[in-house]
There are 2 protein chains.
Amino acid sequence: MSTIKYHEPGRGVSAVDGTNKAKIERAAVWLFAEHGVDGVSTKSISQQAGVSEGLLYRYFKNKDTLARELMRAIHIRLTEMIMAASAREEGLADQVSFIVRHYCEIADDDWTLFRYHILHLHHFPALSDAPAGEWPNSPHMAAVKLLQKAMDGGAMPKGDASLLSAMALGVVLHPAQAKVLGAIDGPLSAHIPAFEAGVFAVLGLKQKEEV
Amino acid sequence: MSTIKYHEPGRGVSAVDGTNKAKIERAAVWLFAEHGVDGVSTKSISQQAGVSEGLLYRYFKNKDTLARELMRAIHIRLTEMIMAASAREEGLADQVSFIVRHYCEIADDDWTLFRYHILHLHHFPALSDAPAGEWPNSPHMAAVKLLQKAMDGGAMPKGDASLLSAMALGVVLHPAQAKVLGAIDGPLSAHIPAFEAGVFAVLGLKQKEEV
DNA sequence: GATAAGTGAGTAATCACTCATTTATAGCGT
DNA sequence: ACGCTATAAATGAGTGATTACTCACTTATC
């Protein structure tokens, strides 16, 4: 696990080593987050990375593959985090707290990559459409499965798991979007207690008492 | 006011008349929502609209102006709706219900334009940054002012109005995003009761009793 | 000396935008 | 009705700039 870092253009992604491949990825994710995949030229990526344009094509088949691999990295990280929460045995409240906390920490850990995810996921329908088979392939579908299991087990009243999941995620993700637009500042983690309270309220769970 | 219509490529925007200008706007908003401003060529807009490429420049200075005018239309419509809610005198609960209901109805009324707004607002920093002066210039800032007034008047406990506003809006807007990605279907208006309950819960308001 | 890493000029396609030209519309005296 | 004219609406080939990507080549590494 990495230490927490903010805002600097393009930390994280792959290991923060000094290889040219990592330089390209860090430059690309920063530019993609800022301008969108179609708003960024391969030339600008190579310039930002400080390498030649041709080198991009030694490590990535084409621009779209580069953009998709970066998106997949954060998409999978978030999905697996929610699946990990789902596997915990301490009850629904614990699972929800786990997700809220780790969502914020993943966002803060590599804010550039996270920003790329929330702003441009829709550019990759194959990642986000997610009709989903046995394994959830998106954060949303993983959360739906978690809530469905809780409903089936009687831990919360039955309802539209997909809708409730979207509402609960929105309590965290829209503030994240507001942070992108400059309407909120500081790390997301600073607001974990507020997010927890909000998500608990939306799901109709009893707030755990203060300490 | 117009009748409710769904999904068809590019209804709404300006009046749904048959003028070439309206044809261009409808084609553009559909393509911009689908592929982003930078992912759409002026040629493709003119083809989708069934006019020549040169005609675009009789009605709009350039591609970016066209994209910005369309975004401004929905951005202002949503902002003014929230300001209208703010002017109502029936109390905070009534204002919140008003906003939730009208947000859904505006989205359903011109889903293509609304989709363009939630997916690509960040492409226009000048519209979304909104440090805001006396008059709120974004839905978020309008909602913040409403909540701040409610807090000052003792209608709800004091807190971070900007954060709470983002959380509350997220209860409606993230499901809207989920609908864009195909994880939720049907008109947003179908979920108004659930959204109201969620927003009330996030804001710590008493749910009005069932009828 | 062999393989891998890295370069950047070159290519055909596409881009946003212009402008000389053509087509449609409107007004008006007869 | 009709022709004549002035203006507005609409066209699409043409412009230089930029695009994603290739490849013959040079440089570094073992």
**Request:** List in numerical order all residues of residues 37-47 of chain B for which some heavy atom is under 4.0 Å away from an atom belonging to DNA chain D.
**Result:** none

**Prompt:** Is the shortest heavy-atom distance from the side chain of A:V100 to the side chain of A:V171 under 4.5 Å?
**Reply:** no

**Fill in**
Angle separating the five-pair end axes of the helix from C:dG1-D:dC30 to C:dA24-D:dT7, nearest 10°, is 10°

**Request:** Please identify each residue that fulfils side chain to side chain contact (heavy atoms under 4.5 Å, CB included) with A:E89, with sequence neighbours left out.
**Result:** none

**Fill in**
By side-chain hydrogen bond (donor to acceptor under 3.5 Å, both in side chains), B:S162 pairs with (sequence neighbours left out) B:H140

**Request:** Using chain A heavy atoms and a threshold of under 4.0 Å, write down where along DNA chain C the contacts begin and end, 5' to 3'.
**Result:** C:dA5 to C:dG8

**Prompt:** Looking at residues at least two apart in the chain, or sitting in another chain, which of them share a salt bridge (charged side-chain N to carboxylate O under 4.0 Å, His left out) with B:D152?
**Reply:** B:K158

**Message:** For a quick test of reading the model, state the closest non-hydrogen atom pair linking A:A28 to A:L66 and the distance between them.
**Reply:** CB-CD2, 3.7 Å

**Asked** Excluding sequence neighbours, so at least two apart, what forms side-chain hydrogen bond (donor to acceptor under 3.5 Å, both in side chains) with B:H117?
**Response** B:H75

**Request:** State, yes or no, whether a side-chain contact exists between A:H123 and A:D38 at a heavy-atom distance under 4.5 Å.
**Result:** yes

**Fill in**
Of A:L121, A:V29, A:D110, the one forming a side chain to side chain contact (heavy atoms under 4.5 Å, CB included) with A:Y116 is A:V29

**Request:** With sequence neighbours excluded, tell me which residues meet salt bridge (charged side-chain N to carboxylate O under 4.0 Å, His left out) with A:D94.
**Result:** A:R88

**Message:** Measuring from atom CD of A:E196 to atom CG of A:L205, what distance do you get when rounded to the nearest 0.5 angstrom?
**Reply:** 11.0 Å

**Request:** Please collect all salt bridge (charged side-chain N to carboxylate O under 4.0 Å, His left out) contacts where either partner lies in residues 40-67 of chain A, sequence neighbours excluded, each pair once.
**Result:** A:D64-A:R68

**Request:** For DNA chain D, determine which residues of residues 50-62 of chain B have any heavy atom closer than 4.0 angstrom to one of its atoms, and list them numerically.
**Result:** B:V51, B:S52, B:G54, B:L55, B:R58, B:Y59

**Item:** A:E34: salt bridge (charged side-chain N to carboxylate O under 4.0 Å, His left out) partners, not counting sequence neighbours
**Value:** A:R115

**Fill in**
Counted 5' to 3', the first and last nucleotides of DNA chain D within 4.0 Å (strictly under) of a heavy-atom of chain A are D:dT19 to D:dT22

**Asked** Taking all atoms of both residues into account, what is the closest heavy-atom pair of A:A142 and A:T79, and its distance?
**Response** CB-O, 4.1 Å

**Request:** Verify whether the ring centers belonging to A:H122 and B:H120 lie closer than 6.0 Å.
**Result:** yes

**Message:** Quick test of your reading of the model: are B:R77 and B:D109 salt-bridged, counting only N-O distances below 4.0 Å?
**Reply:** yes

